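Report on the following structure.
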Amino acid sequence: MKIIGTGSAHPKCAVTNEMLEKFLDTSDEWITERTGIKERCVISSEKLEDLAVRAANQALENAGMTAADIDFIICSNVVNEYVTPALSCIIQGKLGATCPTVDINAACAGFVFAMDIAEDKLKCKKAKNILIVCAEEPSRMVSWQNRSTCVLFGDGAGAAVVTEGDELKAIRLTTSSLTEVLYYQRALEPTPYIDKEENFEPLVMKGREVFKHAVTNSCRDIRKLLNETGLNANDIKYYVLHQANRRIIDSIRNFLGVDEEKVPHNVERYGNISSAALPALLDELNRGGKLQKGDKLVFSAFGAGFTTAACVIEWAK
Ligand code: ACO
């Protein structure tokens, strides 16, 4: 596969740390020091599907394609208003595409999981042009009374069009069932027969454990990929890392021993937008003219599950 178009979209409501101070026992100083986040964009009047369609249309335009050229859509999403139909079905209709679609949930690692599925579809010649859309609204999973979680997240969408090519040099996906460190349980409809205990609670996160797993696993994934491809850490132009927390990003960079300019970040503006973080940051690099043909990039993300996913690509656009 190779990526031939990127796009991104963020909600219009930017919530600064100072705005959070008005209703939470928190401070700009605490949030900035512990997370690097200064503001996040949060859904207000928009619908998530509309952000997804905006990002997808940008990616199509960037690829010089229309929805009619796409023969498969993969949408990475953790939560949205609908349990069914899948968000990808809604996006397909709004784009005016007619191809089959599927939703995946690999939490924040969803973009790289989607790339892996796309690579397999292209290799099997089951598709020629695939649209990956990551659309997330974690602001609707957290309690806005819980200062430990709500300050961390924002909403947004990122998209990429991929087609046949030889850009993907190595990829690694992992899942280790470690469900208690990060989860969100929501209510299902009652039935006359349910007699088990059920818990419904907003996002629960053991922050320190997530931090440790994120850094350890991302470093392990990246090192394995560098070994496999025979590359040195400094051969990589950019490490496009999951934008959860500036301290996590800095810790991974320090373990790898690479300079700051190799590790771009936008977590300070958007917070953690789950699986949309990687394609949105990639879109910024692409549109900012930062990527040249032949540049080697590492993508690496981690998410609830615990999932991790990383890959090395050689930019071919
Ligand atoms: N403002 C002020 N104080 C706060 C806030 C806040 N927003 N949040 C927590 N605190 C307080 C706590 O209540 C605690 O107070 P106490 O000592 O009186 O009990 C104190 O700060 C320290 O809390 P810790 O949780 O120990 O703080 P820590 O240094 O671990 O930082 C953080 C918390 C930022 C969540 C950190 O653990 C972290 O970054 N973890 C990773 C989180 C993450 O990136 N998750 C992504 C999840 S989703 C995904 O992408 C996989």
Side-chain angles (χ1 to χ4, degrees), residues 15-40 42 76-79 104-113 134-156 158 173-185 202-219 221 240-254 265-268 270-281 299-310:
V15 178
T16 62
N17 293 343
E18 289 78 10
M19 287 161 77
L20 297 176
E21 284 174 3
K22 297 206 162 67
F23 62 92
L24 278 175
D25 179 15
T26 190
S27 64
D28 172 49
E29 194 191 353
W30 192 97
I31 301 172
T32 306
E33 191 193 307
R34 307 283 178 119
T35 72
I37 299 166
K38 297 299 282 182
E39 60 182 39
R40 67 288 291 142
V42 172
S76 163
N77 170 257
V78 175
V79 80
I104 63 165
N105 178 353
C108 305
F111 181 62
V112 181
F113 271 78
C134 303
E136 304 281 12
E137 47 184 335
S139 72
R140 306 302 298 275
M141 294 196 291
V142 294
S143 159
W144 283 79
Q145 272 93 52
N146 182 348
R147 64 180 184 175
S148 301
T149 51
C150 74
V151 305
L152 304 174
F153 295 93
D155 305 323
L173 313 178
T174 76
T175 299
S176 23
S177 185
L178 197 68
T179 49
E180 74 286 0
V181 297
L182 188 57
Y183 64 89
Y184 165 51
Q185 264 183 303
L203 191 85
V204 174
M205 185 181 69
K206 293 186 181 152
R208 290 191 172 194
E209 281 193 55
V210 172
F211 195 110
K212 201 176 64 198
H213 284 292
V215 174
T216 313
N217 291 327
S218 291
C219 289
D221 286 352
V240 182
L241 305 181
H242 180 42
Q243 303 289 299
N245 179 315
R246 184 65 201 271
R247 277 164 59 217
I248 293 178
I249 296 168
D250 287 344
S251 300
I252 296 172
R253 183 175 67 71
N254 285 332
H265 48 85
N266 59 14
V267 67
E268 57 281 4
Y270 299 123
N272 180 350
I273 56 171
S274 190
S275 72
L278 256 57
L281 181 57
F299 299 160
S300 173
F302 53 88
F306 209 78
T307 58
T308 75

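Not measured: the values here are computed from a predicted model. Whatever order the structure lists ligands and atoms in, that order sets their numbers, starting from 1. Heavy-atom basis, side chains included; hydrogens, waters and symmetry copies ignored. Residue numbers count from 1 along this sequence.
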Query - Minimum heavy-atom distance G110-S76, with the two atoms named - result: CA-OG, 3.4 Å

Query raised in the report: Nearest to atom 48 (S) of ligand 1, what protein heavy atom do you find, and at what distance?
Result: N272 ND2, 3.4 Å

Query raised in the report: Should F211 and S251 count as side-chain neighbours, where that means a heavy-atom distance under 4.5 Å?
Result: yes

Report summary line: One should read off an interatomic distance between H213 NE2 and T216 OG1, to the nearest 0.5 angstrom, of 7.5 Å

Query raised in the report: Are any non-hydrogen protein atoms located under 4.0 Å from atom 17 (O) of ligand 1?
Result: no

Query - Minimum non-hydrogen distance to atom 35 (C) of ligand 1, winning option of E136, R34, M205, R147 - result: M205

Query raised in the report: Which atoms of ligand 1 sit under 4.0 Å from any heavy atom of H242?
Result: 49 (C), 50 (O)

Query raised in the report: Tell me, which protein residue and heavy-atom name are nearest atom 39 (O) of ligand 1, and how many Å apart are they?
Result: N245 ND2, 2.4 Å

Report summary line: In this structure, atom 33 (C) of ligand 1 is nearest to the protein heavy atom W30 CH2, 3.9 Å

Query raised in the report: What atoms of ligand 1 come within less than 4.0 Å of a heavy atom belonging to V151?
Result: 7 (N)

Requested in this report: Measure across P138 and G154 and return the closest heavy-atom pair with its distance rounded to 0.1 Å.
Outcome: CG-O, 3.1 Å

Report summary line: Nearest non-hydrogen protein atom to atom 30 (O) of ligand 1, with distance, is R208 NE, 3.1 Å

Query raised in the report: With atoms numbered from 1 as shown, which atoms in ligand 1 lie under 4.0 angstrom from a non-hydrogen atom of L182?
Result: 47 (C), 48 (S), 51 (C)

Report summary line: Interatomic distance, OG1@T308 vs CG@L173, rounded to 0.5 Å, equals 7.5 Å

Report summary line: With heavy atoms and a 4.0 Å threshold, my read on which part of L24 contacts ligand 1 is neither

Query raised in the report: What is the closest protein heavy atom to atom 1 (N) of ligand 1, and at what distance does it sit?
Result: T26 OG1, 2.6 Å

**Report entry** atom 50 (O) of ligand 1 protein-contacted, heavy-atom criterion under 4.0 angstrom
**Finding:** yes

Requested in this report: State the atoms of ligand 1, each with its element, that fall below the 4.0 Å cut-off from a heavy-atom position in S148.
Outcome: 8 (N), 9 (C)

Query - Protein non-hydrogen atom below 4.0 angstrom of atom 20 (C) of ligand 1 present - result: no

Query raised in the report: Checking S143 side chain against Q145 main chain: does a donor-acceptor pair fall under 3.5 Å?
Result: yes

Query raised in the report: Do T35 and ligand 1 have an N or O pair less than 3.5 Å apart?
Result: no

**Report entry** Structural part of C108 in contact with ligand 1, heavy atom criterion under 4.0 angstrom
**Finding:** side chain

**Report entry** Sole residue of D155, N272, N17 in side-chain hydrogen bond (donor to acceptor under 3.5 Å, both in side chains) with R40
**Finding:** N17

Requested in this report: Flag the pair W144 / L20 as yes when at least one side-chain heavy-atom distance between them is below 4.5 Å, and no otherwise.
Outcome: yes

Query raised in the report: With a cut-off of 4.0 Å, which atoms of ligand 1 are near a heavy atom of F302?
Result: 51 (C)

Query - Numbered atoms and elements of ligand 1 in range of I248, under 4.0 angstrom, heavy atoms - result: 41 (C), 44 (O)

Query raised in the report: For residues 23-34, which residue pairs qualify under salt bridge (Lys or Arg N to Asp or Glu O under 4.0 Å), counting only residues two or more places apart or in two chains?
Result: D25-R147, D28-K38

Requested in this report: Measure the distance from atom 40 (N) of ligand 1 to every protein heavy atom, then report the residue, atom name and distance (to 0.1 Å) of the closest one.
Outcome: G207 O, 2.9 Å

Query raised in the report: Heavy-atom distance from atom 37 (O) of ligand 1 to the protein below 4.0 Å?
Result: yes

Query raised in the report: CD/E18 to OG/S27 distance, rounded to the nearest 0.5 angstrom?
Result: 9.5 Å

Query raised in the report: Below 3.5 angstrom, do we get any N/O pair linking S27 and ligand 1?
Result: no

**Report entry** Protein contact for atom 27 (O) of ligand 1 (heavy atom, distance under 4.0 Å)
**Finding:** yes

Query raised in the report: Taking both backbone and side-chain atoms of V210, is any N or O found less than 3.5 Å from an N or O belonging to ligand 1?
Result: no

Query raised in the report: What distance separates I248 CD1 from K212 NZ, expressed to the nearest 0.5 Å?
Result: 12.5 Å

Report task. Indicate the ring-plane relationship of F302 and H242, choosing parallel, tilted or perpendicular according to the 30° and 60° boundaries. Result -> perpendicular

Query raised in the report: Are Q243 and I249 close enough that some pair of their side-chain heavy atoms sits under 4.5 Å apart?
Result: yes

**Report entry** Donor on one side chain, acceptor on other, D221 and S300, under 3.5 Å
**Finding:** no

